[in-house]
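Remarks on the structure that follows.
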Protein chains: 2
Amino acid sequence: MKVSDTAEIRTLPLFRDMDDAQFEVLIRGAYVQTFPPQIELITEGEPSDFLHIVVEGTVELFATWNGHQTTMATVRPLGTFILAATIKDAPNLMSARTLERSRLVLLPSEDVRNVFETDSAFARAIVVELAQCYRMSIKNTKNLKLRSSIERLANHLVRKQIEAGGAKSFELDVEKRRLASYLGMTAENLSRAIKTLQSYGVTIDGAMVTITTPEALLNLAKPMPLIDDPEH
Amino acid sequence: MKVSDTAEIRTLPLFRDMDDAQFEVLIRGAYVQTFPPQIELITEGEPSDFLHIVVEGTVELFATWNGHQTTMATVRPLGTFILAATIKDAPNLMSARTLERSRLVLLPSEDVRNVFETDSAFARAIVVELAQCYRMSIKNTKNLKLRSSIERLANHLVRKQIEAGGAKSFELDVEKRRLASYLGMTAENLSRAIKTLQSYGVTIDGAMVTITTPEALLNLAKPMPLIDDPEH
DNA sequence: ATTATCGTTTGATATTTATCAAGCATCCAA
DNA sequence: TTGGATGCTTGATAAATATCAAACGATAAT
């Protein structure tokens, strides 16, 4: 494993404050692997063998039922999945696939659980991380239950613009059909929703989003920290 | 605070394995209060002052946006809310109201955070609890995104029957309009969905549910541990 | 016992969302 | 350069879901 990877992972809140020796234990047992696009890394229902860390590339988390499939999240560097399953030694509730060539660090779940039992700083960091994940999921539920699909799209764009530093134009970082699935709508309806947003000063050409009248969009989106702010 | 309450709370997974002295610290700082129905106990957006434990009665967690409101969960003895906000010292993402006369134990969030820093057994229990909550929320998201409202209702009934020990008849424990909101539908459509379920061998008279042909209902519901089993 | 209130049900209608089919655009490999 | 393949868009239609209005029924307060 490259030293630069190790150093990068160490900066994550999850590993930042843990004991040097215990971090070493995790790193010694770790695997680094590069995967081509469209590889299924984990499958829902299977036991969680590893805590995955995305060092490079993009991973999609998705879930299925009765022939349907939905995108639950997109994980980019330096994101991890799926901590809850690793800690509880429980089956994964989601599957994961690479969307592009991706490099991942795999920490054996058993090692993570062992270090969790030993290193109380790590345990505390895990608490904070899980609380964060839980709150994110609650926000997502509110988003789904309280808003229509076009309102969800509007808020997604508002948020992405903030993440792009407030730039008038920015690029969508996922395929539209995956964005649609994430937002809980079909690709067809995303296409139509985008058209509707033109009257709110939004134009989307390919992956390029331009927001000409942010006030109009905000007036539709009505964003709220308790749903839309990942930090809140 | 009554000794019987203390003993009961001590049996919760969250408090079971913690240090006696630290548990004492929590109990010493605790308040016990009985509330009439329809009292708003916490408000979304407000800081989390207490970890609430429902000892008697029923509490509804709900969220609002732009004039809309949705039921997020129902908490009964011995359930707690909202651990993630308490631990992160973050604002509550949901509001809570009593649905009936209810007795609650309130642990000051600051105490909980302090003991969490001190008692590693408590910290580990919090990890398990948060992981559980997170997974529950993910399952709920899958339920919402992958199923239609009638499928959600069907699965809810299947689950409630299991919780009723498999009895052919059992009672709904919440008002229908709240059940509707929890399931992400209107009260009117819940009423119609119940009618539709008659052809699947389900009759609901008032709060009394009777399932005459479980096979037919199961065939519609297609329950799946990765969505419907709270233990999984 | 009576009235008032509130939850539930039903019907009519509107809106939202999905599905199906076709054409268009883009990208990549032969 | 040229086919595919795949993703995106558009139109037509169907299904799911929400809204509005009214009636009904249970419950609680007077």
Side-chain angles (χ1 to χ4, degrees), chain A residues 36-38 58 60 62 65-71 74 97 99-101 143-156 171-199 202-209 220, chain B residues 36-38 58 60 62 65-71 74 97 99-101 143-156 171-199 202-209 220:
Chain A
Q38 302 301 331
T58 311
E60 176 185 43
F62 63 100
W65 176 77
N66 194 29
H68 299 260
Q69 181 172 319
T70 192
T71 299
T74 307
R97 69 164 72 90
L99 293 184
E100 54 185 329
R101 183 183 161 84
N143 194 34
L144 286 168
K145 289 184 79 177
L146 292 168
R147 288 173 174 160
S148 69
S149 61
I150 196 161
E151 288 165 342
R152 293 197 293 273
L153 172 60
N155 277 289
H156 184 81
E171 300 239 334
L172 293 176
D173 52 6
V174 289
E175 284 174 297
K176 283 183 185 159
R177 65 195 184 111
R178 293 185 205 280
L179 174 60
S181 178
Y182 173 70
L183 292 174
M185 59 203 295
T186 58
E188 292 96 324
N189 281 335
L190 173 60
S191 204
R192 286 184 261 265
I194 287 171
K195 247 178 154 176
T196 305
L197 285 190
Q198 284 176 4
S199 42
V202 178
T203 48
I204 304 188
D205 181 37
M208 181 60 69
V209 182
L220 171 67
Chain B
Q38 303 300 333
T58 312
E60 175 185 46
F62 63 99
W65 176 77
N66 193 31
H68 300 261
Q69 182 172 321
T70 191
T71 299
T74 306
R97 69 164 72 91
L99 293 185
E100 52 185 333
R101 183 182 161 84
N143 194 34
L144 285 168
K145 290 183 78 176
L146 292 168
R147 288 174 174 159
S148 69
S149 61
I150 196 162
E151 288 165 341
R152 293 197 293 273
L153 172 60
N155 276 288
H156 184 81
E171 298 239 335
L172 293 176
D173 52 6
V174 288
E175 282 174 299
K176 283 183 184 157
R177 66 196 183 111
R178 292 184 206 282
L179 174 59
S181 178
Y182 173 69
L183 293 174
M185 59 203 293
T186 58
E188 293 94 325
N189 280 336
L190 173 60
S191 203
R192 287 185 260 266
I194 287 172
K195 248 178 156 177
T196 306
L197 285 189
Q198 284 177 3
S199 43
V202 178
T203 49
I204 304 187
D205 179 38
M208 180 60 69
V209 182
L220 170 67

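These numbers come from the heavy atoms of this one structure, side chains and all, not from hydrogens, waters or symmetry mates. Here is the naming used below: chain letters follow the sequence lines, and residue numbers restart at 1 for every chain.
- Between B:Ser149 and the phosphate of D:dT17, there is a side-chain N or O to OP1/OP2 separation shorter than 4.0 Å.
- Looking at the side chain of A:Glu175, the nearest of the listed nucleotides D:dC8, C:dT9, D:dT17 is D:dC8.
- With rounding to whole Å, A:Arg101 atom CZ is found 18 Å from C:dC28 atom C1'.
- Rounded to whole Å, atom P of D:dA18 lies 11 Å from atom NZ of A:Lys145.
- The stretch residues 186-197 of chain B touches DNA chain C through B:Glu188, B:Ser191, B:Arg192, B:Lys195, each having a heavy atom under 4.0 angstrom from the strand.
- Separating the CG atom of B:Leu172 from the P atom of C:dG7 is a distance of 16 Å, rounded to the nearest angstrom.
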Please walk me through it: do B:Asn155 and B:Arg147 pass side-chain contact (heavy atoms from CB on, under 4.5 Å)? CA-CA 10 Å; B:Asn155 276 288; B:Arg147 288 174 174 159; 3.2 Å; yes
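- A straight line from CG of B:Asp205 to P of D:dC24 spans 18 Å, rounded to a whole angstrom.
- Shown here for B:Ser181 and B:Thr71, the closest heavy-atom pair between the two residues is OG-N, 2.8 Å.
- Rounded to whole Å, the distance from CG on B:Leu220 to P on D:dA16 is 11 Å.
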message: Please determine whether side-chain contact (heavy atoms from CB on, under 4.5 Å) holds for the pair B:Arg192 and B:Glu188, giving the CA-CA distance in whole Å, both sets of side-chain angles, and the decisive distance to 0.1 Å.
response: CA-CA 6 Å; B:Arg192 287 185 260 266; B:Glu188 293 94 325; 3.3 Å; yes
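- Spacing between atom CZ of A:Arg177 and atom P of C:dT26 amounts to 17 Å, rounded to whole angstrom units.
- Atom CG of B:Leu190 sits about 10.0 Å away from atom CD1 of B:Ile150, to the nearest 0.5 Å.
- Note that NZ of B:Lys145 is 7.5 Å distant from CG of A:Leu183, once rounded to the nearest 0.5 Å.
- B:Leu179 has its CG atom 15 Å from the C1' atom of C:dT9, to the nearest Å.
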Fill in: Derivation and outcome, side-chain contact (heavy atoms from CB on, under 4.5 Å), residues B:Val174 and B:Glu60
CA-CA 10 Å; B:Val174 288; B:Glu60 175 185 46; over 6 Å; no
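- A straight line from CE of B:Met208 to C1' of C:dT8 spans 18 Å, rounded to a whole angstrom.
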